[in-house]
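Along the sequence shown, residues carry numbers from 1. Small disclaimer: the values here were computed from a predicted structure and weren't measured.
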Amino acid sequence: MGTEYASAVSAVRAMENLLFTHSDLEQLINARTQNEFNTLISAKETGGLAEVWDMLMTYAPDSRELKILLYRNDFHNLKAVLKAMISGREPDEYFIEPSNVSAELLKESFRTRNFDILPEYMSETASESYELLTRTLDGQLADTFVDTSAMLAMQKSAEDFGGDFMRKYVQIITVCADIKTAYRCSKMHKSREFLESAVCGSSEIDRESLIRATLGGTENLISFLEHTTYNELAQFLKESPAKFEKRCDDMVIDLAEEARMKSFGTEPLIAYYIAKEAEIKNLRIISVCRESGADNQTVRERLRKLYV
């Protein structure tokens with residue numbers, strides 16, 4: 001990579017020092033009152049993902065690779081419009097930020113049925129998901145179709161203009177999503193038709209093989225996974241879905257840590273965004289555990305790996 005993002009990397013390095021540390025999270029876990037918890041959060045709070053994204057775009061507004069990070073948000077918002085069609089409610093309450101595609105543009109595309117105004121990576125999905133929903137009235141089927149399309153769009157863009165780091169990131173995201181979907185489908189005895197809509201597939205776990213294994217039941221699925229390069233994930237899945245999801249999140253952080261020593265390029269920028277996502281998830285875990293009355297050891301076991 002060139003040196004065009006050197007200033008951005010310097011800014012990210014400074015921001016990394018403001019991320020929550022193990023010590024910070026331990027203070028939150030041990031906070032005796034909600035007021036103390038809130039005070040600790042406020043003293044350290046450096047903004048959410050939208051603020052981080054705005055900062056990254058200030059330094060790298062033309063980076064197509066960075067925008068891949070928001071594809072899942074874009075496709076989530078597409079699903080929000082579909083849900084609004086079913087419920088008769090405004091979709092705005094379901095939208096999440098940051099996103100590449102504005103809420104207004106998404107709503108306009110569905111209002112006019114002109115899906116070509118959307119970015120190329122999602123225009124066809126918008127058109128097909130609309131047709132699928134109006135034909136079947138099956139919201140779950142439409143949802144899974146959009147989720148799978150999001151993964152496929154990330155894969156294609158990562159291959160077309162992403163670096164090695166982004167391609168590895170997308171690979172992990174896709175594999176974990178496919179395994180999670182397959183496991184749930186095996187428990188619910190979903191049909192091949194449903195699986196063909198819900199499973200994306202990747203270069204490391206063949207789509208058809210995964211579908212066949214899933215149709216054979218949960219034990220057959222796990223046995224199949226044990227003979228792939230993701231045997232470790234199969235072991236976590238056997239323990240519990242929660243431990244599996246935690247390991248998936250930690251794998252992403254492990255990957256992000258590889259970019260920490262990079263001085264140029266987009267890798268440190270991508271890694272910082274990933275780190276901020278993990279931080280927000282950890283804060284949410286602590287907050288939810290406090291509300292449910294979970295003991296401190298349980299909270300520690302559920303926390304994701306830290307970037308710092």
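- At a threshold of 4.5 Å between side-chain heavy atoms, the hydrophobic network of Ile, Leu, Val, Met, Phe, Trp and Tyr places V146 and Y94 in two separate groups.
- Separating the CD1 atom in I270 from the CD atom in E65 is a distance of 4.0 Å, to the nearest 0.5 Å.
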List the steps, then state whether side-chain contact (heavy atoms from CB on, under 4.5 Å) holds for I117 with L105.
-> CA-CA 8 Å; I117 64 176; L105 186 63; 3.6 Å; yes

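- At least one donor-acceptor pair closer than 3.5 Å links the side chain of R207 to the backbone N or O of V199.
- T21 and D24 form a side-chain donor-acceptor contact under 3.5 Å, judged by distance and modelled atom types alone.
- At distances below 3.5 Å, not a single donor-acceptor pair connects side-chain atoms of N114 with backbone N or O atoms of S109.
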Might you work through the side-chain contact (heavy atoms from CB on, under 4.5 Å) test for Y169 and T174, ending with a clear yes or no?
-> CA-CA 9 Å; Y169 167 74; T174 303; over 6 Å; no

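- E267 contributes atom CD, which lies 10.0 Å from atom NZ of K168 (distance to the nearest 0.5 angstrom).
- Side-chain heavy atoms closer than 4.5 Å link hydrophobic residues (I, L, V, M, F, W, Y) into clusters, and following such links, even through other members, never connects L152 to F161.
- Residues D147 and H76 form no side-chain contact, since every pair of their non-hydrogen atoms from C-beta on lies 4.5 Å or further apart.
- Neither I274 nor I96 shares a network with the other; the hydrophobic side chains, linked directly or stepwise wherever heavy atoms of I, L, V, M, F, W or Y lie under 4.5 Å apart, form separate groups for each.
- A 6.0 Å sphere centred on CZ of R32 holds no more than 12 heavy atoms belonging to other residues, nucleotides or ligands.
- Annotation for K190 and L195: closest pair O-CD1, 4.2 Å, computed over non-hydrogen atoms.
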Should D295 and T298 be marked as a side chain to side chain donor-acceptor pair (under 3.5 Å) after you check the CA-CA gap, both sets of side-chain angles, and the distance that decides it?
-> CA-CA 5 Å; D295 61 84; T298 298; 2.9 Å; yes

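- A side-chain donor-acceptor contact under 3.5 Å links T144 to the backbone of L141.
- For the residue pair E16 and Y307, a side-chain donor N or O sits within less than 3.5 Å of a side-chain acceptor on the partner.
- The two atoms that bring C248 and I172 nearest to each other are O-CG2, 4.4 Å, heavy atoms only.
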Given the rule in the side chain to side chain donor-acceptor pair (under 3.5 Å) test, do S202 and Q155 qualify, once you have shown the distances and angles that lead to the verdict?
-> CA-CA 8 Å; S202 65; Q155 286 183 1; 5.3 Å; no

Start with the C-alpha gap between E93 and R89, add the side-chain angles, then the distance that decides, and say whether salt bridge (Lys or Arg N to Asp or Glu O under 4.0 Å) holds.
-> CA-CA 9 Å; E93 61 186 286; R89 303 171 67 177; 2.8 Å; yes

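- Side-chain atoms of L225 and N231, non-hydrogen and from C-beta on, never get closer than 4.5 Å to each other.
- The number of heavy atoms from other shown groups lying within 6.0 Å of CD (E193) does not exceed 12.
- Listed here is the closest heavy atom pair of A158 and I68: N-CD1, 3.8 Å.
- Within the model, atoms CD1 of I286 and CZ of R302 stand 12.0 Å from one another, a figure rounded to the nearest 0.5 Å.
- Under the 4.5 Å side-chain criterion, counting only non-hydrogen atoms from C-beta, F75 is in contact with M122.
- Salt-bridge annotation for R192 and E196: present, with a side-chain N of the basic residue lying under 4.0 Å from a carboxylate O of the acidic one.
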Please test L237 against K243 for side-chain contact (heavy atoms from CB on, under 4.5 Å), starting from the C-alpha separation and ending with a verdict.
-> CA-CA 7 Å; L237 195 57; K243 289 185 177 181; over 6 Å; no

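- Checked against the 6.0 Å centroid criterion, the rings of F264 and Y5 do not qualify as a close aromatic pair.
- Taking the side chain as every heavy atom from C-beta outward, L215 and H189 never approach each other to under 4.5 Å.
- Looking at Q235 and E226, their side chains do bring a donor and an acceptor atom within 3.5 Å of each other.
- Closest approach of C200 to T148, counting heavy atoms only: CA-CG2, 3.6 Å.
- Using a 4.5 Å heavy-atom threshold, the side chains of P241 and R184 count as separate.
- Side-chain contact between D249 and I253: absent, with no pair of heavy atoms (C-beta onward) separated by less than 4.5 Å.
- For R300, the CZ atom is densely surrounded, since the number of other residues' heavy atoms within 6.0 Å is greater than 12.
- Counted within 6.0 Å of CD on E131, heavy atoms from surrounding residues, nucleotides or ligands total more than 12; the atom is thus considered enclosed.
- Between the side chain of D74 and the main chain of S99, no donor-acceptor pair closer than 3.5 Å is present.
- No donor-acceptor pair under 3.5 Å is formed between the side chain of E204 and the backbone N or O of T229.
- The side-chain heavy atoms of L221 and L210, taken from C-beta on, include a pair separated by under 4.5 Å.
- I285 and V288 are members of different hydrophobic clusters when ILVMFWY side chains are connected at heavy-atom separations under 4.5 Å.
- Remark: side-chain polar atoms of S223 are not paired, donor with acceptor, to backbone N or O of E219 under 3.5 angstrom.
- Note on L18: it clusters hydrophobically with Y59, by side-chain heavy-atom contacts below 4.5 Å among ILVMFWY residues.
- W53 and Y273 have perpendicular rings, their planes meeting at more than 60° on a 0 to 90° scale where under 30° would count as parallel.
- Across P98 and L70, no two heavy atoms sit closer than the pair CG-CD2, 3.8 Å.
- Judged by distance alone, with hydrogens and angles left aside, the side-chain atoms of D250 form no donor-acceptor pair with the main-chain N or O of R304 at under 3.5 Å.
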Yes or no on side-chain contact (heavy atoms from CB on, under 4.5 Å) for E239 and R247, after CA distance, side-chain angles and deciding distance?
-> CA-CA 12 Å; E239 291 187 52; R247 180 55 192 147; over 6 Å; no

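- N73 contributes atom CG, which lies 12.5 Å from atom OH of Y71 (distance to the nearest 0.5 angstrom).
- Note: Q27 CD to F37 CZ = 12.0 Å, rounded to the nearest 0.5 Å.
- Side-chain atoms of S157 never come within 3.5 Å of backbone atoms of M154 as a donor-acceptor pair (strictly under, hydrogens ignored).
- For the pair S129 and F145, the tightest heavy-atom approach, listed with the atom from each and the gap, is N-CE2, 3.7 Å.
- Remark: the backbone N or O of I205 is not paired with any side-chain donor or acceptor of S209 at under 3.5 angstrom.
- With hydrogens and angles ignored, the 3.5 Å screen pairs a side-chain donor or acceptor of K246 with a backbone N or O of L303.
- Note that the CE atom of M151 and the NZ atom of K156 stand 16.0 Å from one another [nearest 0.5 Å].
- Proximity of Y230 to F236: side-chain heavy atoms (C-beta onward) are nowhere separated by under 4.5 Å.
- A cation-pi arrangement is absent between K180 and Y183 under the rule of less than 6.0 angstrom and at most 45 degrees off the ring axis.
- Using a 3.5 Å distance cut-off with no hydrogens or angles, the side chains of T181 and D178 do not pair a donor with an acceptor.
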